[in-house]
Participant: 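Below is the structure I would like to discuss, written out as structure tokens.
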Amino acid sequence: MDERGEASDTGWARWGTAQAARELPDGARKLLAQVLDLTPPPPAVPLAEVALPDCELDEVVLDALRHAVGDEHVVTAAPARARRASGMSTPDLLRDRLGRPTLAPQAVIRPADHAEVVAVLDVCSARGVPVVPFGGGTSVVGGLTPAAARHVTVDLCRLDDVVSVDPVSRTATLQAGLPAPRAAQLLAAHGLTLGHVPQSYEYATIGGFAATRSSGQASAGYGRFDDMVTALTVATPRGTVRIGRAPASAAGPDLRQLFLGSEGTLGIITDVTVRVRPLPAQSHHEGWRFESFAAGLDAVRRLAQDGPRPTVLRLSDEIETMIGAAGSGRSDGGCLLIAGYEGADVHPTAEAAAGVLAAHGGVPLGAEAGQQWVRHRFDAPYLRDALLEAGAFAETLETAAYWSTLPQVYQRVRAALLDALPDGALVLGHVSHVYETGASLYFTVICSPGPDPIGRWHTAKAAAGDAIIAAGATITHHHGVGADHRQWYATEIGDVAVDLLRTVKRHLDPAGILNPGILVP
Ligand SMILES: Cc1cc2nc3c(=O)[nH]c(=O)nc-3n(C[C@H](O)[C@H](O)[C@H](O)COP(=O)(O)OP(=O)(O)OC[C@H]3O[C@@H](n4cnc5c(N)ncnc54)[C@H](O)[C@@H]3O)c2cc1C
């Protein structure tokens with residue numbers, strides 16, 4: 001078994017391990033059976049039984065790669081390649097379940113450090129071998145499935161340490177392949193935290209967060225991941241770029257931003273320097289009930305704009321609240337808001353925020369509702385597996401918009417999804433990342449799979465993408481562009497910006513080996 005647990009099927013056709021699987025709560029199962037035509041799928045093909053054609057890379061290329069990283073770190077075994085053929089969107093999982101991953105790499109290359117990443121890029125650039133950087137493999141937008149045959153995957157799993165900590169400036173330099181839980185553990189030893197807790201926290205990596213501009217559940221208090229980055233090192237086919245020598249700078253455009261969100265198309269990020277904060281002495285979460293999503297949105301906007309700002313601020317719409325209640329046995333109706341506070345002394349902030357929430361019609365549900373959310377904050381991906389097993393289809397998408405247009409965007413995306421899935425679908429929504437000027441909107445769709453669940457989802461997702469762009473919102477707030485959002489991304493940024501991006505890519509990656517077909521239209 002290697003360090004990613006291929007032999008135990010970790011992350012194959014499911015989130016995490018089989019041992020960590022969750023049952024669908026009875027209430028939720030009954031509710032779904034009333035509204036959807038549930039069709040349980042055949043059992044998933046185990047990873048060890050996936051058959052792939054043998055690696056077709058030239059022996060000269062394989063030898064050069066072995067020379068760059070060591071023989072045992074050029075892996076051509078089918079399980080290792082199959083496991084890295086895609087990310088973790090529901091279509092990815094469904095293809096995995098059938099034992100038919102989209103486009104497996106020819107080999108998995110595991111460099112140990114920046115110099116080895118540079119050496120791998122040199123080989124691949126000279127030989128025209130496409131390269132897919134791989135962090136935790138949790139992309140949900142096709143970010144790991146290039147439009148290229150015979151590619152290799154560069155797995156950053158051996159770049160998994162803290163390079164340095166500067167407690168005076170409160171920064172830490174972290175290697176790109178460091179998984180989020182290990183980063184948290186290593187920083188905690190210094191009394192520090194990053195505060196970045198996306199729902200994919202258990203498996204995603206520091207480099208992946210930077211490459212996709214990730215946003216975590218506590219973004220109201222700690223900011224987005226790209227807000228946290230003060231410097232980064234990137235290996236490109238042209239050489240190494242290191243940017244960020246001061247906390248702020250007027251030395252030209254901020255080129256860190258060129259690489260943040262570049263999704264492996266301009267280079268491989270090998271380390272990231274991030275702002276860190278002291279581990280919070282206190283943490284308190286509580287629930288609130290609002291009569292309607294509109295009323296809750298009003299309260300959330302007031303906190304986002306005028307403060308006090310909680311660390312976690314999350315508002316579910318009526319349907320998400322109802323489904324959550326069916327799962328937990330509660331049935332308060334309305335819309336559930338979770339407010340979380342972390343810091344040295346959270347109670348003054350929590351009390352002042354409570355005043356704002358109550359003034360906007362919020363009814364306190366107490367700390368138990370908050371704790372309930374904390375206990376289950378990482379459950380959703382496991383529940384998606386449970387839904388797939390029960391014969392439903394479940395997938396998510398997200399966007400962001402200014403406050404003035406947010407309600408219309410919400411309505412239009414919901415309507416587009418429901419229209420595209422006319423035989424019954426549940427569309428759940430929430431707001432969980434807020435800014436002074438607007439917020440993200442996150443949708444979960446649960447529907448009957450039908451005979452062609454992937455095709456059906458592509459149609460619905462395209463309708464949602466069209467609605468998002470037509471309503472003036474962004475095609476993605478935090479999942480990234482990948483292969484799946486490219487078409488809408490091109491419309492969003494326009495022709496001149498598309499040319500600019502293509503020109504930058506041509507300069508940094510003249511052979512066009514880095515993640516072809518991802519991000520760059
Ligand atoms: C169940 C689930 C929940 C999720 N929840 C959230 C959430 O709450 N917030 C959020 O922001 N996202 C979320 N995501 C999406 C995903 O976790 C993020 O995009 C995450 O940042 C990806 O990190 P990763 O290490 O898994 O990267 P990967 O999936 O391995 O890679 C993502 C993209 O970045 C590129 N890449 C990876 N590492 C590097 C590197 N070192 N240098 C250059 N390019 C690189 C890859 O080629 C790929 O295009 C979720 C995904 C799942 C499956």
Side-chain angles (χ1 to χ4, degrees), residues 4 11 14-16 83-84 86-90 92-93 105 111 114 117 121 130-146 151 153-157 159-160 174-180 183 196-219 224-226 232-236 241 259-272 314 377-385 394-398 400 430 432-433 440 442 444 476-486 509 514-520:
R4 285 197 184 273
R14 67 148 60 83
W15 185 249
R83 167 66 186 85
R84 290 163 185 81
S86 67
M88 293 264 172
S89 70
T90 301
D92 290 334
L93 297 186
H114 178 82
V117 173
L121 287 183
V131 170
V132 176
F134 188 99
T138 66
S139 170
V140 281
V141 292
L144 298 159
T145 309
H151 67 285
T153 288
V154 173
D155 190 328
L156 280 307
C157 60
L159 280 79
D160 65 346
L174 310 175
Q175 286 189 306
L178 193 56
H196 187 66
V197 194
Q199 198 167 65
S200 50
Y201 173 82
E202 290 165 280
Y203 295 99
T205 62
I206 296 298
F209 295 149
T212 60
R213 289 186 185 275
S214 168
S215 194
Q217 292 170 344
S219 66
R224 303 163 58 82
F225 193 79
D226 41 301
L232 73 178
T233 308
V234 189
T236 82
V241 181
F259 292 100
L260 291 168
S262 62
E263 299 186 19
T265 59
L266 303 181
I268 299 188
I269 299 165
T270 54
D271 66 54
V272 180
R314 177 192 166 101
R377 66 193 297 181
F378 300 124
D379 279 5
Y382 297 98
L383 290 174
R384 171 176 62 167
D385 291 334
E395 182 56 304
T396 64
L397 59 89
E398 39 77 57
H430 69 246
S432 52
H433 306 279
S440 77
Y442 189 95
T444 302
T476 174
H477 168 264
H478 58 268
H479 282 167
V481 175
D484 298 357
H485 291 153
R486 252 183 0 145
D509 177 22
L514 283 165
N515 258 356
I518 308 296
L519 176 72
V520 183

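Read the numbers this way: they start at 1 and go in the same order the structure lists the ligands and their atoms. Source: prediction; values computed, not measured.
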Participant: Between N515 and ligand 1, find which residue part has any heavy-atom pair under 4.0 Å and reply side chain, backbone, both or neither.
Facilitator: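 Side chain only.
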Participant: For ligand 1, does S139 get within less than 4.0 Å through its side chain, its backbone, both, or neither, judged by non-hydrogen atoms?
Facilitator: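 For S139, the contact with ligand 1 is made by both the backbone and the side chain.
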Participant: Please report the C-alpha distance between L121 and V131 in whole Å, then the side-chain angles of each, then the deciding distance to 0.1 Å, and finally whether the side-chain contact (heavy atoms from CB on, under 4.5 Å) criterion is met.
Facilitator: CA-CA 8 Å; L121 287 183; V131 170; 4.3 Å; yes
Participant: Distance under 4.0 Å to a non-hydrogen atom of A176: what atoms of ligand 1 satisfy this?
Facilitator: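 So the atoms of ligand 1 that pass are 41 (N).
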Participant: Side chain, backbone, both or neither: which part of Y203 comes within less than 4.0 Å of ligand 1 when only heavy atoms are counted?
Facilitator: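 It is neither part, as no heavy atom is under 4.0 Å.
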Participant: Distance to 0.1 Å, residue and atom name: give those for the protein heavy atom nearest to atom 8 (O) of ligand 1.
Facilitator: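 Sorting protein heavy atoms by distance from atom 8 (O) of ligand 1 puts Q199 N, 2.9 Å first.
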Participant: What protein heavy atom lies closest to atom 1 (C) of ligand 1? Include the residue and the distance to one decimal.
Facilitator: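 In this structure, atom 1 (C) of ligand 1 has P381 CB, 3.5 Å as its nearest protein heavy atom.
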Participant: Given G11, G16, G143, which one has a non-hydrogen atom that is nearest to atom 49 (O) of ligand 1?
Facilitator: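 Going through G11, G16, G143 one by one, G143 has the nearest heavy atom to atom 49 (O) of ligand 1.
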Participant: Should G136 be counted as touching ligand 1, given the test is an N or O pair under 3.5 Å?
Facilitator: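 Checking ligand 1 against G136, an N or O pair does fall under 3.5 Å apart.
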Participant: Flag W15 as yes when one of its N or O atoms lies below 3.5 Å from any N or O atom of ligand 1, and as no otherwise.
Facilitator: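 It does not: no N or O of W15 is found under 3.5 Å from an N or O of ligand 1.
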Participant: Just to confirm my output: which protein heavy-atom neighbour is closest to atom 13 (C) of ligand 1, and how far is it?
Facilitator: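 Of every protein heavy atom, S200 OG, 3.6 Å lies nearest to atom 13 (C) of ligand 1.
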Participant: Report the nearest protein non-hydrogen atom to atom 41 (N) of ligand 1: residue, atom name, distance rounded to 0.1 Å.
Facilitator: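 Of every protein heavy atom, I269 O, 2.9 Å lies nearest to atom 41 (N) of ligand 1.
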Participant: Return the residue, atom name and 0.1 Å-rounded distance of the protein heavy atom closest to atom 9 (N) of ligand 1.
Facilitator: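 The protein heavy atom lying closest is S215 O, 2.8 Å.
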Participant: Hey, is V140 touching ligand 1 through its side chain, its backbone, both or neither, going by heavy atoms under 4.0 Å?
Facilitator: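 For V140, the contact with ligand 1 is made by the side chain alone.
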Participant: At under 4.0 Å between heavy atoms, which part of T138 makes contact with ligand 1: side chain, backbone, both or neither?
Facilitator: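 Near ligand 1, T138 shows its backbone as well as its side chain.
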Participant: Would you indicate which of G216, A211, A204 comes nearest to atom 34 (O) of ligand 1 when only heavy atoms are counted?
Facilitator: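 Looking at heavy atoms only, A211 sits closest to atom 34 (O) of ligand 1.
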Participant: Checking T476 against E398: is there a side-chain donor and acceptor pair closer than 3.5 Å?
Facilitator: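 There is such a pair (donor and acceptor under 3.5 Å, judged by atom type) between the side chains of E398 and T476.
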Participant: Tell me the protein heavy atom at minimum distance from atom 46 (C) of ligand 1, and give that distance in Å.
Facilitator: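 Protein heavy atom with the smallest distance to atom 46 (C) of ligand 1: P133 O, 3.1 Å.
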Participant: Return a yes/no value for F134: is any of its N or O atoms, backbone included, closer than 3.5 angstrom to an N or O of ligand 1?
Facilitator: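 No, since none of the N or O atoms of F134 sits under 3.5 Å from an N or O of ligand 1.
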